[in-house]
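Have a look at the structure below before the remarks.
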Amino acid sequence: MPASPAARLVFALNLSLLVLFPVAWAAPLLRAGLLPLFGLEEVSVLSGIAALWTGGERPLAVLVALFALVAPMAKTVLLALVHLSRAPARLLPTLQWLGKLAMADVFLVAVYVTLAKGLAVGRVETAWGLWLFTGCVLGSLWVGIWTARATRTAP
């Protein structure tokens, strides 16, 4: 267990991501509809992956799953192991790279929302899950940066 109160707080934040990421994956990222008069369909990370898979875009579904699901969870678990001194600190640059992969998903969703609104073909609204997923990704990036700095200054 990390020694200082700050280290314990960062460790707790990192462990909370083990719960928050799955919630963010199931939460609605956006609501989209073809015409303003009809109801909007909610899209989550998981429903997006499922739609890609069943729609015949299996390589893209696998890529999104790796970026949005596997990379953040692997980073979170490996960071916890670094915090517990069960994994070497030399993994930190690789873990930061994993965290940036998840940010690519946030960027792609933002591009999709911007394009859909710009084309005015239908209606797209961001939902609370996009903010939660973005917060989880940014929190994970911050935990990684804090951990890297703490290990550099550790005796």
Side-chain angles (χ1 to χ4, degrees), residues 10-84 86-149 151:
V10 171
F11 180 69
L13 174 61
N14 189 54
L15 289 183
S16 72
L17 291 172
L18 292 173
V19 173
L20 292 173
F21 267 122
V23 171
W25 299 332
L29 295 175
L30 53 94
R31 292 178 198 88
L34 212 49
L35 296 172
L37 301 174
F38 299 108
L40 300 177
E41 183 179 332
E42 291 185 339
V43 178
S44 69
V45 171
L46 295 176
S47 70
I49 292 169
L52 287 170
W53 187 267
T54 58
E57 296 291 339
R58 290 186 175 169
L60 186 56
V62 169
L63 192 62
V64 170
L66 286 173
F67 282 10
L69 308 178
V70 176
M73 198 54 73
K75 178 185 179 191
T76 303
V77 169
L78 289 170
L79 267 174
L81 293 175
V82 169
H83 290 153
L84 295 171
R86 303 277 188 217
R90 70 176 187 271
L91 285 176
L92 290 172
T94 303
L95 297 181
Q96 286 301 87
W97 181 77
L98 280 175
K100 290 174 185 170
L101 289 178
M103 200 64 211
D105 271 353
V106 173
F107 174 74
L108 290 175
V109 170
V111 167
Y112 171 74
V113 168
T114 303
L115 285 174
K117 285 186 174 189
L119 294 175
V121 172
R123 205 167 111 201
V124 176
E125 300 171 354
T126 59
W128 64 273
L130 179 60
W131 295 104
L132 178 60
F133 185 65
T134 303
C136 288
V137 170
L138 292 175
S140 177
L141 288 171
W142 181 82
V143 168
I145 291 167
W146 188 93
T147 304
R149 287 184 180 160
T151 57

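Side chains are part of it too, since the values below use all heavy atoms of this structure and drop only hydrogens, waters and symmetry mates.
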Shortest non-hydrogen contact from [X] toward [Y]:
X	Y	answer
Pro72	Phe67	CD-O, 3.3 Å
Val45	Ala24	CG2-O, 4.5 Å
Thr126	Arg31	O-NH1, 3.8 Å
Val124	Ala32	CG2-CB, 4.3 Å

Quiz item: Just wondering, do His83 and Val143 contact through their side chains at under 4.5 Å, heavy atoms?
Solution: yes
Practice problem: Taking the side chain as every heavy atom from C-beta outward, state whether Leu91 and Pro88 have any pair of such atoms under 4.5 Å apart. | Solution: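 Leu91 vs Pro88: side chains touch.
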Rounded distance (nearest 0.5 Å) linking atom [atom1] of [X] with atom [atom2] of [Y]:
X	Y	atom1	atom2	answer
Phe11	Thr147	CZ	OG1	10.5 Å
Ile145	Leu92	CD1	CG	11.0 Å
Leu84	Leu79	CG	CG	11.0 Å
Trp25	Leu20	CH2	CG	11.0 Å

May I have the list of side-chain donor-acceptor pairs in residues 46-57 shorter than 3.5 Å, sequence neighbours left out?
residue: Ser47; atom: OG; partner: Ser44; partner atom: N; Å: 2.8
residue: Ser47; atom: OG; partner: Ser44; partner atom: O; Å: 3.2
residue: Ser47; atom: OG; partner: Ser44; partner atom: OG; Å: 3.2
residue: Thr54; atom: OG1; partner: Ala50; partner atom: O; Å: 3.0
residue: Thr54; atom: OG1; partner: Ala51; partner atom: O; Å: 3.4

Pairs of donor and acceptor atoms involving the side chains of residues 95-102, under 3.5 Å and at least two apart or interchain, shall be tabulated with distances.
residue: Gln96; atom: OE1; partner: Lys75; partner atom: NZ; Å: 3.1

Quiz item: Which of these passes side-chain contact (heavy atoms from CB on, under 4.5 Å) with Leu66: Val64, Leu69, Val70?
Solution: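 Answer to the side-chain contact (heavy atoms from CB on, under 4.5 Å) test with Leu66 among Val64, Leu69, Val70: Val70.
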Exercise. Please say which of Leu138, Leu29, Val23 ends up in a side-chain contact (heavy atoms from CB on, under 4.5 Å) with Phe133.
Key: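 When Leu138, Leu29, Val23 are each tested with Phe133, the side-chain contact (heavy atoms from CB on, under 4.5 Å) holds only for Leu29.
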Quiz item: Are there more than 12 heavy atoms of other residues, nucleotides or ligands under 6.0 Å from atom CH2 of Trp131?
Solution: no
